[in-house]
Colleague: 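Have a look at the structure that comes next, please.
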Amino acid sequence: MHPYYAIHTAIRDWYAIHGRHDLPWRQTHDPYRIYLSEIMLQQTQVGTVLERFYFPFLERFPTLADVATAPEEAVLKAWEGLGYYTRARNLHATAQKTQGTLPQTSTELEQLPGIGRSTAAAIACFAYGEAVPILDANVRRVLYRFFRRRTAKAPELWRMAERLFDPEHPYEYNQAMMDIGATVCTPKSPRCSECPLSAQCRGQAHPERYPAPRRCTTRPIRRRTFWIYTDGERYAIHKKESRLLGGLYGFVQSEVEIVGALLGEVVQHYSHFSLNATVVLSDEQPEESVELLTLAEIDTLPLSRVDRKVLEMVSSHQKNAIKNGIEYFESSNGYNKF
Ligand code: SF4
């Protein structure tokens, strides 16, 4: 008998009553829908994915084959607002590489762009019933506490995941472990008295000690200027090439001060830095290669969150200028009347 047989039974019983069975990706065995949910949930909360992104994306791309045949730009546009756009680029690359049909084993899935071991295991387990454990952030926290470990490197964490895993009921076990981490063994106030692992959990006397808190680092601030150039009707926009936002469009950013009319300020927090930027309207064209498009045309492009904020700011100033009958620039030196 498995050494954690009693815990496995308790986990299954708990899941039958308390599991989040109504999540749409749990009501299907379609590997694409499961894969999409796993990718979206990697850095985004369940509520946000459910309310704003999962269904609209599926409406736009009902199958992985639809993703494969679409241009990357269309996939990025459907991903707009979710952030971490590498996920969307990898989804597109995986769709093209597999020609819209995902392989069925975790080993093969793990070879695809953007699919790590835990995501591969989740797709293989939930879509095809493969008996492999998963190790997302919630499951990791449960394991740290259950085995009373403050720190552990990835190979050791995987060994812990395999030790506790229920190979007889992989689907229920994996789903339950994610739910226990998300709803019972929460980071700040775990409810051990309601937890199905409590009979053998070694960390429950002081769960807050496990895992060791990560060192608090303050995000550096990057100061930039959004350089809004207009010829009066169209605006300068360019395709980004950075690793973070590659494939998206955006207004030109400058590290040096730009002469022009200050439209406002925007702040955006990224995982490793915060962007504090001023938005300046200038009649001097940026040197880098740009396209000139109307605001309506720019609105149809995939934009990062901060560029979407800037677009809204520029649109609102344009509307005010039209309403008040004011020209953007009244003199050749570029200062305007906002
Ligand atoms: S008993 Fe408490 S600390 Fe242990 S896994 Fe359950 S909620 Fe977490």
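Just follow the structure's listing: the first ligand is 1, and inside any ligand the first atom is 1.
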Colleague: Check each atom of ligand 1 against the heavy atoms of S198 and keep those under 4.0 Å away; list them by number with element.
Modeller: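 Under 4.0 Å from S198, ligand 1 has these atoms: 1 (S).
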Colleague: Using modelled atom types and a 3.5 Å cut-off, is there a donor and acceptor pairing between side-chain atoms of R224 and backbone atoms of L275?
Modeller: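 No; zero donor-acceptor contacts below 3.5 Å.
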Colleague: Here's a test for you: under side-chain contact (heavy atoms from CB on, under 4.5 Å), which of N138, I134, L164 qualifies with M177?
Modeller: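 Answer to the side-chain contact (heavy atoms from CB on, under 4.5 Å) test with M177 among N138, I134, L164: L164.
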Colleague: For atom 6 (Fe) of ligand 1, which protein heavy atom lies nearest, and how many Å away is it?
Modeller: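 The protein heavy atom lying closest is C195 SG, 2.4 Å.
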Colleague: Among all protein heavy atoms in this structure, tell me which lies nearest to atom 4 (Fe) of ligand 1, with the distance rounded to 0.1 Å.
Modeller: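 Of the protein heavy atoms, C201 SG, 2.3 Å lies nearest.
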Colleague: Show the nearest heavy-atom pair for residues F61 and A78, with the distance to one decimal.
Modeller: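 Nearest pair, atom of F61 first, then A78: CE1-CB, 3.7 Å.
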Colleague: Just heavy atoms, cut-off under 4.0 Å: does C185 contact ligand 1 by side chain, backbone, both, or neither?
Modeller: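 Under 4.0 Å from ligand 1, C185 contributes backbone and side-chain atoms.
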Colleague: Kindly indicate, with the supporting measurements, whether the criterion ring pair (Phe, Tyr, Trp, His ring centres under 6.0 Å) is fulfilled by W25 and Y54.
Modeller: CA-CA 9 Å; W25 43 87; Y54 186 66; 5.0 Å; yes
Colleague: Return yes when at least one N/O/S atom of C192 is nearer than 2.8 Å to atom 4 (Fe) of ligand 1, and no when none is.
Modeller: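 It does not; every qualifying atom lies at 2.8 Å or beyond.
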Colleague: Using a strict cut-off of 4.0 Å, indicate which atoms of ligand 1 neighbour a heavy atom of P207.
Modeller: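 Numbered from 1, ligand 1 contributes 3 (S).
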Colleague: Given R140 and L135, is the side-chain contact (heavy atoms from CB on, under 4.5 Å) satisfied, shown in steps?
Modeller: CA-CA 6 Å; R140 267 203 297 274; L135 192 56; 3.5 Å; yes
